[in-house]
Amino acid sequence: DKEHRHKDHKKDKEREKFKHSNSEHKEHSEKKHRDKDKERLKHSDSSSDKHRQKHKDRDKDKRREEKVCLWVVGMLLNEKLYMYRSPAGIKSEPEEDNGFYPSPQHNKSSRQEYDDEDPKKSSWNTTKRPKRGNMNKKGTDGKKVKKEEEEKWKWWEEERYTDGSKWRFLEHKGPVFAPPYEPLPGKVKFYYGGKPMKLSAPAEEVATFFAKMLDHEYTTKDIFRKNFFKDWRKEMTSEEKSVITDLNKCDFSEMSEYFKAQSEARKQMSKEEKQKIKEENERLLQEYGFCIMDNHKERIGNFRIEPPGLFRGRGDHPKMGMLKRRIRPEDIIINCSKDSKHPKPPPGTKWKEVRHDNKVTWLASWTENIQGSIKYIMLNPSSRIKGEKDWQKYETARRLKKCVDRIRAQYREDWKSKEMRIRQRAVALYFIDKLALRAGNEKEEGETADTVGCCSLRVEHIKLYPKLDDQEYVVEFDFLGKDSIRYYNKIPVEKRVFKNLQLFLENKQPEDDLFDRLNTSILNKHLQELMDGLTAKVFRTYNASITLQQQLKELTCSDDSIPAKILSYNRANRAVAILCNHQRAPPKTFEKSMQNLQNKIDEKQNQLSAARKQLKAAKADHKASHDDKSKKAVEMKRKAVQRIEEQLMKLQVQATDREENKQIALGTSKLNYLDPRISVAWCKKFGIPIEKIYNKTQREKFAWAIDMADKDYEF
DNA sequence: TGGATGACTTAGAACACCGCGC
DNA sequence: GCGCGGTGTTCTAAGTCATCCA
């Protein structure tokens, strides 16, 4: 139970509440938004337009040729072509034979300049190219200006590739490999059957992986132990193999203690030592953590190769405990441009391959040995390449908003279809839309944990109740989704859906597929026909973002204090996290920290009643004396009461927020599902500093949204 | 059509760091 | 100066979805 992070009853209720209100909101707001959409179309007033308008204004002086202006306006009007289609979808655009789509604010001459630039000219020292139009800013402090400009490169104001290529020039230094294995000191012993035993280096290394995890629940699991032991034996010498035949006779405790002591020693290191390590990390970051992509220095997301260790699958993963082998340069494929300075493999080694594929975004890749899948080194979320994709994702979701009514009407109609496959497709789509379920690809049995999504739901995952409590046609879902997180929900559905489900269940065993005539490929093909670029996951993005927007409208009170507004924001965020089933294990220190906070609240309450008493006394005093001094005293006491009240409220808000957040993870939705422009607009509208909502990393990731959304932005 | 593969996004946990109160 | 607790960052597993190929 614990393992699957089953939620308590209270939480289920809470979800139910949110779901319910969510669907109500949906219907209510759909009407509202339908009207608004019409309105918007009339005025051609989408936020992207506004954004472009903003930049159009800003760059006005740069654009002198009337012709060019007309062309820009043409582009603005042609927003569907320009903004909303994926680069792959607009391959054969006339005039654009260079693979770029210009941003509205760039005239032809600037584009020419860009095209003429030779990407080969870039190097590690000369990449900080100031933005076009700012070239003349270089003065005495040219370097500084240049740096600042580059640090805030607004890629969203520039051209996009439309020929499917992701870059023209890519140069990097390759990945950082895991440090080689350092054998244990002689005094740290491994025992077999109570007797010390010296292990060969390869066997010892794998043993240390297990020893490091000794305190973890993993090492108590049979599958983990079995897989580990099998792989460990492969690393042993034949002699070791003949001796070590039973994992239960192995004693890793001395090794484990040694690592704990090491970790403790690391914590106890002097400031200087810590500083030295920090500097070394910084050096590595500076050397390997960045690449040059099309004239810009971009941060790499994961430049370190995953170190060897034991595979930690989630849930009941059949491969947990297997040895994740060490990755060597000979396993690595490097991707960079032909004309770049290729990364050098460590001395005495060579890369598996060096290729120059600009249709992909990765810099290096290798095949891991557990599932045989490919792992990549890619750019940081703040990079142009990730940001563009993110922005595009939300634009697709916004397009869905425009036609979601039609799509809903269609699937409702399809519930009545004569064809079973169409009915199944329509019911599945209803679940994906209403409950924000994932698509649910098929998985190879025995290769991964048994988890499902919508299309892969089995009969055993749902229960039907014609009547439950005071509700009719209730469906109970109970299954493990991504990361083996349990999805449990009871929802009333429409009669037709219920009847269809009864039909789908007929003559089936618990382990049979609920939607036996459906898979994600069929579903997505259908969605593609309904809207260009529509897939199952777009519904999750759309429903998450629209829910945030509605909840913010509903919960925010302009008279509230900033902490109260932030609580409203967190509650809106929470509604989305519940919808998307983003859970977390309650923090280990939760109860304790909650108690500490409660103590603070109690203390503050005592302070408040004392301050109130003092105020009362001061008032009485003033009533008796009527002098200035006593009047001043009353004012002071009143202010003190006010201050304490505010402090108390702040603490109470904090406690509420924390309690409500106990098992809910807000980060995932904030980072992946919520159109950041909604949050930015909300901040601007209610005077909330953006730092209160997004931390530094998040601000970097969403720089495009922070720059372009104004207070009136509508998703 | 369906399986395999590759490229990419989404996910929670673990770890690192930093500020605050004592 | 130290330890605690909370937040931010990193890590890497586990999804989605498009494309290729038989």
Side-chain angles (χ1 to χ4, degrees), chain A residues 5 86 88 164 166 213 216 218 263 266-268 271 274 277-278 281 285 289 301-307 309 311-315 317 319-320 324 333 335 357 359-362 365 367-368 370-381 385-386 389-390 393 438-444 447-449 451-456 480-485 519-525 527-528 533-538 540-541 544 577 580-585 587-590 592-594 596-597 600 654 658 661 663-673 694-698 700:
Chain A
R5 286 162 268 193
S86 64
K166 306 290 165 62
M213 290 179 74
H216 205 287
Y218 271 123
S263 135
R266 231 171 293 135
K267 280 181 204 158
Q268 298 302 325
K271 241 185 184 173
K274 279 183 183 169
I277 292 175
K278 212 175 166 184
N281 280 335
L285 173 71
N302 55 327
F303 58 94
R304 288 170 203 273
I305 298 281
E306 293 171 23
F311 176 71
R312 303 154 92 118
R314 312 243 168 99
H317 201 293
K319 295 190 173 183
M320 65 166 80
K324 245 177 75 165
I333 301 173
N335 194 31
D357 182 359
K359 296 276 190 284
V360 297
T361 66
W362 53 267
S365 74
T367 304
E368 54 94 29
I370 305 288
Q371 327 265 8
S373 63
I374 307 169
K375 299 254 181 162
Y376 302 94
I377 285 182
M378 287 185 185
L379 295 192
N380 187 273
I385 222 157
K386 295 286 182 190
K389 207 71 190 297
D390 211 34
K393 172 181 78 185
R438 294 187 186 84
N441 282 321
E442 283 143 289
K443 298 167 79 185
E444 217 174 314
E447 291 291 300
T448 55
T451 62
V452 295
C454 186
C455 294
S456 51
L480 297 181
K482 183 177 178 179
D483 292 328
S484 293
I485 298 286
N519 60 40
T520 51
S521 158
I522 296 171
L523 179 68
N524 280 336
K525 247 174 221 155
L527 292 176
Q528 193 59 237
L534 185 61
T535 62
K537 89 184 180 92
V538 178
R540 244 167 110 79
T541 313
C580 295
N581 201 36
H582 292 144
Q583 298 185 42
R584 62 166 184 172
K588 280 169 201 151
T589 52
F590 184 82
K592 202 179 157 196
S593 75
M594 225 32 213
N596 287 347
L597 194 55
K600 275 188 193 170
Q654 206 182 338
R658 203 180 290 173
N661 243 12
Q663 280 180 284
I664 300 166
L666 299 186
T668 308
S669 51
K670 204 180 205 179
L671 234 47
N672 301 299
Y673 288 104
Y694 291 134
N695 64 35
K696 189 170 153 271
T697 315
Q698 291 164 340
E700 278 165 12

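Just so we're clear, the structure is a prediction, and the values are computed from it rather than from any experiment. All values below come from the heavy atoms of this structure, side chains included, with hydrogens, waters and symmetry mates left out. Chain identifiers are assigned alphabetically (A, B, ...) following the order of the sequence lines, protein sequences preceding nucleic acid strands; residue numbering begins at 1 within each chain.
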Which is true for [X] with a 4.0 Å heavy-atom rule: it touches a base, it touches only sugar-phosphate, or it touches nothing?
X: Asn695(A); result: sugar-phosphate
X: Lys696(A); result: nothing
X: Thr361(A); result: sugar-phosphate
X: Phe311(A); result: sugar-phosphate
X: Gln698(A); result: nothing

For [X] and [N], is the shortest distance between a side-chain N/O and OP1 or OP2 below 4.0 Å?
X: His216(A); N: dA13(B); result: no
X: Thr668(A); N: dA11(B); result: no
X: Gln371(A); N: dA14(C); result: yes
X: Lys267(A); N: dG3(C); result: no
X: His582(A); N: dA11(B); result: yes
X: Asn524(A); N: dC17(C); result: yes
X: Arg540(A); N: dT16(C); result: no

| field | Pair Thr520(A)-Asn441(A), side-chain donor/acceptor within less than 3.5 Å | value | yes
| message | Is it the case that dT9(B) (base atoms only) and Lys386(A) (side chain only) share a donor and an acceptor within less than 3.5 Å, ignoring hydrogens and angles? | response | no
Rounding to a whole Å, what distance do you find between [X]:[atom1] and [N]:[atom2]?
X: Glu368(A); N: dA7(B); atom1: CD; atom2: P; value: 14 Å
X: Lys443(A); N: dC17(C); atom1: NZ; atom2: P; value: 15 Å
X: Leu666(A); N: dG8(C); atom1: CG; atom2: P; value: 12 Å

| note | Assert: residue with more 5' nearest nucleotide on DNA chain B, out of Trp362(A) and Glu444(A), is Glu444(A)
| request: Please examine the side chains of Lys324(A) and Ile370(A), heavy atoms only from C-beta on, and report whether any two atoms are closer than 4.5 Å. | output: yes
| note | Considering only heavy side-chain atoms of Ile485(A), the closest of dA13(C), dG12(B), dT9(B) is dG12(B)
| said: I want to confirm an ordering. Mapping Asn380(A) and Gly481(A) to their closest nucleotides on DNA chain C, which one lands closer to the 5' end? | reply: Asn380(A)
| Is the shortest distance from a Lys or Arg side-chain nitrogen in Glu306(A) or Lys375(A) to a carboxylate oxygen in the other one below 4.0 Å? | yes
| query | So which heavy atom on Gln371(A) is nearest to which on Thr448(A), and how close? | reply | OE1-CG2, 4.2 Å
